[in-house]
Each structure stands twice: as structure tokens, then as C-alpha cells.
Engineer: 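This is the structure I want to talk about, given as C-alpha cells.
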Amino acid sequence: MKYFKRLAENIIKKQEKMFKTILVTGARQVGKTTMLKNMNPNINYITLDDMILNQSAVEDPELFLKANKPPIIIDEIQYAPNLLRYIKIAVDNSEKKALYYLTGSQQFNLMKDVSESLAGRVGILNLLGLSLREIKEIDFNEPFIPTEEYLNKREKYKKEISYDEIWEIIHKGSMPVLYQEENDIDMFYAMYVSTYIERDVRSLTQVGDTLSFLKFMTALASRIGQLLNLNSIASEVGITIPTAQRWLSILIASNIVYILEPYYNNIMKRAVKTPKIYFLDTGLAAYLTKWKTSEVLEAGTMSGNFFENYVIVEIIKSYYNSGELRPPIYFYRDKEKREVDLIIEQNGKLYPLEIKKTANPTKDMIVNFKALEKIKEVGEGAIICMYDKIVNLDEKNKVIPFKYL
């Protein structure tokens, strides 16, 4: 079975020299364990998905760690959070680095438990599905920013990607198993959703009505790229707003959805403060909204939303894979409905991006960048689209093909 080298491996190697414990978080099936095993092929491995091992870890964590000596990979650590306190004791009694490799597919309580038990002793990495760079085996690992410097570096690693191929990737999603062997995509995501709801959702909260939870996920998927309106979604699904809020927090904690916050501060009286919703895997969103093929998705009414979702998540991956836990990204919208799809905040500047499913970009598409000039210094900006060359729109703004992500 083919292994796709993960760009985050470079960050793990750095963390191994600094920390005694390494935690890799991310949704189920994104390749957390596969990456760690590939980097450490002879290391001990156990998973707390195993009910017998889970029981042992919960009931007698001290004995469990004596029986399972480091260096070791412990999968799904969130099922035995009490282990973290005993791992702290173990690493404090050793001078060696990289003793425990932990993975977790839920961040709901996990990050709180880790920060309380292993503060200063753990390197943390958030892993998403395969990035476009990883699928195309491009060994370039710098976070995306629309600057001349970035583009000059990225140009050296450029690979051609056809229009049809990018839509196949958007439709299929980013789960590694779908790129390692032939799989029925619908069947894979049907089992993925079932497993996710049965294992993760039920363990996080008392979701009695799993059908309503699935409807809630589908309602969110049908709104990717839109302002989040939980009142409307709760009404559509037939649940209360507090329930919708709780269920949304579960989807965020398990790396299924991403909430993109608006850019605003105290002096921005007319800025919208409502966030936007995106799915961290476009294949899952396509499955939930019943786009059966890449051709139908590309020609459909949601194609622009899916392309925007895909580009934003690729940018998020570029930051996670270079070791950042909080990508410095936002969007802008004001009461006059002037909107900028994405803003990257770096070095005291705002770098604005428009994301368009078009091969014919125009300067009219960046007119809203001017709205940011009253807020903060504005750096280079761009339209990310389907055009095949980098083109200057003016002295500060460019057209950037998606293949430069």
C-alpha cells in the first residue's frame, strides 16, 4: 500500500529533539498513526480503541504504563485521559526525549487535559488529510502567503494539475486511504460517518437522536462558505439552539468543521462579527450533500462554495504542516456587504485574497481590498482561481493559479 510522505514529518522530527511527549491530533482516518509508524517502524504501538486495553488504562494506569514501555505510540489517548498524569510522572523521571507518541481524534477535553498534565513537556501537531502538495509529492513546506518571495520559492516546486484532476480531488476529499487503493467513495464516507457518530459523538455527549445529528451535519455541509446561522439550522433540523451549539462544538473538536472568524477590532463599527463555516474535508461535505461525481459537483450550484472551501483548507494545511496550531486567517465583511474571502495576518500586515472558480479573473474582483486600508497596513493580495499563470493585476495584487497553494 502506497504511503504518502507527510510534510508534517519535518515538524515531528524537530519536536523529537525538544520534547519527551508528542501529541498528534486530527480527525479519524487522516493518517496520524500511519505517519508515526512510518517514522518509527520498530516502535511499540497500542490503541485505546481496543476495549480490553482501554479498560486496563482506565482502571490501573500505572500498571498499564509499566506493561507498555516507551518509546511507544498510544492511539486515541482521549479514551483514557487519566493516563496523562502518569505519563507526566514517567517523563519527569527520564532524561530521554520522544518517549511517548500520543494521538487523539477529539480535542473536546483532550487539549485541556494535556495542558494541565503535560504543560511544557509536549509537542503538539494538528494533522489534516492529504494536502495537494502531498498528493502530488511536492516536497515544499512553507505556509501560503501571496507574496513575491513565497511565489518565487514555490515556483521551483510547481507541478501541473489539470482542471478535471482538481475537481476529482475536491470531490474525493483528502483521506489517505482513498489515494492508496481503489475504493467506493460513497461506501467509505457512509462507514466513516457511521463510525464517527457511533464512537466519537456518543462518547462526547449524549446524542440520543443520531438521525438528527446526521441531518445537522448535512445542513452545515449545505452551507459551506456561508455566514453561520445556527437559528436557521436548528429550525431546519428540529432541534433547540443550545443543542445546535453543543453539536457544532463537537464537530469543531473532532476536526470535521472549521469556523473562520471575521476580522474586526474595536474601531471597526460596521464589520460583521458572524463567522463562516467550512468542512475540513471536501469529500465528506460532497457525500453529505449528495454530489455523486466530480463532474456533477463542478457543474452544480455549489461549485463556487466547494472551490472556496478547498482553497481555504489547503491554506490551513500549509500552516498546520509547518507547525502552527492557529493559522492567522480571517475573512472580512461589513454592513455594506463588502467582503474579502480570506485575510492572512502576518508581520503587522493584512494580505487579502479573493477565491474564484473562474479562468477569467478581473480587477473588479479585488475592489473590496480597499476596505481594509482604513483598518491596517495592507500587503500584497491576490485572486486565487483557475487561470493557469501568475499575472499582475496592479503593483500590489496578482492572479495566482490554485496549483501554487
Engineer: Could I get the full list of salt bridge (Lys or Arg N to Asp or Glu O under 4.0 Å) partners for R154, not counting sequence neighbours?
Structural biologist: none
Engineer: Charged N to carboxylate O below 4.0 Å: is that the case for E137 and K5?
Structural biologist: no
Engineer: With no hydrogens and no angle check, do the side chains of E339 and Y332 hold a donor and an acceptor under 3.5 Å apart?
Structural biologist: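 No, Y332 and E339 have no side-chain donor paired with an acceptor closer than 3.5 Å.
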Engineer: Just wondering, more than 12 heavy atoms not from K376 lying within 6.0 Å of its NZ?
Structural biologist: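 Check passes, neighbour count above 12.
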Engineer: When rounded to the nearest 0.5 angstrom, what is the spacing between NZ in K276 and CG in L342?
Structural biologist: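 Rounded to the nearest 0.5 Å, the NZ-CG separation comes out at 9.0 Å.
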Engineer: Between A234 and A244, which heavy-atom pair has the shortest distance, and what is it?
Structural biologist: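 Heavy atoms only, the tightest pair is CB-CB, 4.1 Å.
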Engineer: Before giving the answer on side chain to side chain contact (heavy atoms under 4.5 Å, CB included), spell out for V122 and I22 the whole-Å C-alpha distance, their side-chain angles and the decisive distance to 0.1 Å.
Structural biologist: CA-CA 5 Å; V122 61; I22 293 161; 5.8 Å; no
Engineer: Assess whether a salt bridge exists between E314 and K317, defined as any Lys/Arg side-chain N lying under 4.0 Å from an Asp/Glu carboxylate O.
Structural biologist: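 Yes.
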Engineer: Which salt bridge (Lys or Arg N to Asp or Glu O under 4.0 Å) pairs, counting each pair once, include a residue from residues 53-65, with sequence neighbours left out?
Structural biologist: none
Engineer: Can you tell whether the side chains of E380 and K396 come within less than 4.0 Å, N to carboxylate O?
Structural biologist: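 Salt bridge flag = no for K396 with E380.
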Engineer: Locate the shortest heavy-atom distance separating L23 from G104; write the atom from each residue and the value.
Structural biologist: CD1-N, 4.3 Å
Engineer: Does the N183 side chain pair with the main chain of I185, one donor and one acceptor, at a distance under 3.5 Å?
Structural biologist: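 Absent.
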Engineer: For K357, which residues count as a side chain to side chain donor-acceptor pair (under 3.5 Å) partner, sequence neighbours excluded?
Structural biologist: E298, S303
Engineer: With side-chain hydrogen bond (donor to acceptor under 3.5 Å, both in side chains) as the test, would you mind laying out the steps for T282 and N309 before giving the verdict?
Structural biologist: CA-CA 7 Å; T282 52; N309 192 131; over 6 Å; no
Engineer: Kindly determine whether Y79 and T47 satisfy side chain to side chain contact (heavy atoms under 4.5 Å, CB included), including the steps that lead there.
Structural biologist: CA-CA 10 Å; Y79 292 137; T47 176; over 6 Å; no
Engineer: Check whether any side-chain N or O of N38 sits under 3.5 Å from a backbone N or O of T34 as a donor-acceptor pair, and report yes or no.
Structural biologist: no
Engineer: With a 4.5 Å limit on heavy-atom distance, are the side chains of D50 and I46 in contact?
Structural biologist: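 Heavy-atom side-chain distance check fails, nothing below 4.5 Å.
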Engineer: In terms of the angle between their ring planes, are Y179 and F4 parallel, tilted or perpendicular, with boundaries placed at 30° and 60°?
Structural biologist: perpendicular
Engineer: Are P146 and L353 side-chain neighbours, meaning at least one heavy-atom pair lies under 4.5 Å?
Structural biologist: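 P146 reaches L353 side chain to side chain.
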Engineer: Between atom CD of E354 and atom CD1 of I400, what is the distance when rounded to the nearest 0.5 Å?
Structural biologist: 13.0 Å
Engineer: Name all residues meeting the side chain to side chain donor-acceptor pair (under 3.5 Å) criterion together with E16; count only those two or more places apart in sequence or in a different chain, and write none if there are none.
Structural biologist: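 E16 satisfies side chain to side chain donor-acceptor pair (under 3.5 Å) with Y101 only.
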Engineer: Please report the shortest heavy-atom distance between N255 and N126, naming the atom on each side.
Structural biologist: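 Answer, listing the atom of N255 first, then N126: OD1-ND2, 3.4 Å.
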Engineer: Is M18 close to K97 at the side-chain level, that is, under 4.5 Å between some pair of heavy atoms?
Structural biologist: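 A side-chain contact is absent here, since even the closest heavy-atom pair is not under 4.5 Å.
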Engineer: Under 4.5 Å between any side-chain heavy atoms of Y258 and P327, yes or no?
Structural biologist: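 Y258 vs P327: side chains touch.
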Engineer: Name the one of L36, I77, L48 that satisfies side-chain contact (heavy atoms from CB on, under 4.5 Å) with T103?
Structural biologist: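 Checked L36, I77, L48 against T103; only one passes side-chain contact (heavy atoms from CB on, under 4.5 Å): L36.
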Engineer: Main chain of S174, side chain of D281: is a donor-acceptor contact present, judged purely on distance under 3.5 Å?
Structural biologist: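 Checked: pair present.
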Engineer: Would you please test T21 and L99 for side chain to side chain contact (heavy atoms under 4.5 Å, CB included) and show each step?
Structural biologist: CA-CA 6 Å; T21 308; L99 292 170; 5.9 Å; no
Engineer: Are any of the side-chain heavy atoms of P352 and V378 separated by less than 4.5 Å?
Structural biologist: yes
Engineer: Going by side-chain hydrogen bond (donor to acceptor under 3.5 Å, both in side chains), name the pairs with one or both residues in residues 215-228, residues two or more places apart or in two chains.
Structural biologist: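 Checked against side-chain hydrogen bond (donor to acceptor under 3.5 Å, both in side chains) - neighbours excluded - the pairs reaching residues 215-228 are R223-S232, R223-E236.
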Engineer: Taking only residues two or more places apart in sequence or in another chain, which ones pass salt bridge (Lys or Arg N to Asp or Glu O under 4.0 Å) with D186?
Structural biologist: K292
Engineer: Is there a donor-acceptor contact under 3.5 Å from the side chain of K32 to the main chain of A27?
Structural biologist: yes
Engineer: Do Y387 and T358 pass the side chain to side chain contact (heavy atoms under 4.5 Å, CB included) test, and can you show the C-alpha distance, the side-chain angles, and the key distance before you say yes or no?
Structural biologist: CA-CA 7 Å; Y387 193 67; T358 180; over 6 Å; no
Engineer: To the nearest 0.5 Å, what is the distance between CD1 on I239 and CD on Q245?
Structural biologist: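 So the gap between those two atoms works out to 10.0 Å.
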Engineer: For the residue pair Y287 and Y189, categorise the inter-ring angle as parallel (less than 30°), tilted (30 to 60°) or perpendicular (more than 60°).
Structural biologist: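 Y287 vs Y189 ring planes: parallel.
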Engineer: Is a donor from one side chain sitting under 3.5 angstrom from an acceptor on the other, for Y45 and N40?
Structural biologist: no
Engineer: Please find out if less than 6.0 Å separates the ring center of Y263 from that of F331.
Structural biologist: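 Between Y263 and F331, the centre distance exceeds or equals 6.0 Å.
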Engineer: Roughly how far apart are S235 OG and L230 CG, rounded to 0.5 Å?
Structural biologist: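 Result: 12.0 Å between the selected atoms.
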Engineer: Which atoms form the tightest heavy-atom contact between P71 and I43, and what is the distance?
Structural biologist: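 Closest pair (atom of P71, atom of I43, distance): O-CG1, 3.3 Å.
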Engineer: Does any N or O in the side chain of E345 come within less than 3.5 Å of the main-chain N or O of I329, such that one atom is a donor and the other an acceptor?
Structural biologist: no
Engineer: If we check side-chain contact (heavy atoms from CB on, under 4.5 Å) with F279, which of these qualifies: L288, L251, V313, T289?
Structural biologist: L288
Engineer: Heavy atoms only: give me the nearest T293-H171 pair and the separation to one decimal.
Structural biologist: N-NE2, 3.4 Å
Engineer: Look at the side chain of N392 and the backbone N and O of D394, then say whether any donor-acceptor pair between them is shorter than 3.5 Å.
Structural biologist: no
Engineer: Check whether any side-chain heavy atom of I166 sits under 4.5 Å from a side-chain heavy atom of L132, and report yes or no.
Structural biologist: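 Yes. Closest side-chain heavy atoms under 4.5 Å.
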Engineer: Counting only heavy atoms not in K96 (residues, nucleotides, ligands), do more than 12 fall under 6.0 Å from its NZ?
Structural biologist: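 No, the 6.0 Å shell around NZ holds no more than 12 heavy atoms from other groups.
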Engineer: Please check this pair: side chain of N44 against backbone of K69, looking for a donor-acceptor N/O pair closer than 3.5 Å.
Structural biologist: yes
Engineer: Quick one: are the ring centres of Y310 and Y278 less than 6.0 Å apart?
Structural biologist: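 Judged by ring-centre distance (under 6.0 Å), Y310 and Y278 do not meet the cut-off.
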Engineer: Could you pull out the closest heavy-atom pair between Y319 and I145, with the gap in Å?
Structural biologist: OH-CB, 4.4 Å
Engineer: Between the main-chain N or O of I390 and the side-chain N or O of K398, is there a donor-acceptor pair closer than 3.5 Å?
Structural biologist: no
Engineer: More than 12 non-hydrogen atoms from neighbouring residues, nucleotides or ligands closer than 6.0 Å to CD on E155, yes or no?
Structural biologist: yes
Engineer: Parallel under 30°, tilted from 30 to 60°, perpendicular over 60°: which one fits the rings of Y196 and F213?
Structural biologist: tilted
Engineer: Does S322 reach the main-chain N or O of S318 with its side chain, forming a donor-acceptor pair under 3.5 Å?
Structural biologist: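 Yes: the side chain of S322 pairs with the backbone of S318.
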Engineer: Less than 4.0 angstrom from a charged side-chain N to a carboxylate O is my criterion; do E76 and R28 meet it?
Structural biologist: yes
Engineer: Thinking salt bridges, do K136 and E165 make one under a 4.0 Å N-O criterion?
Structural biologist: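 Result for this pair is yes, salt bridge flagged.
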Engineer: With side chains defined as the heavy atoms from C-beta onward, is the minimum distance between I138 and K158 less than 4.5 Å?
Structural biologist: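 Not touching, per the 4.5 Å side-chain cut-off.
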Engineer: Could you measure the distance from the CD atom of E160 to the NZ atom of K403? Nearest 0.5 Å is fine.
Structural biologist: 3.5 Å
Engineer: Between N321 and E134, is any pair of side-chain heavy atoms under 4.5 Å apart?
Structural biologist: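 The answer is yes; the side chains approach within 4.5 Å.
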Engineer: Donor-acceptor check, side chain of Q180 to backbone of Y3, threshold 3.5 angstrom: yes or no?
Structural biologist: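 It does not hold such a pair.
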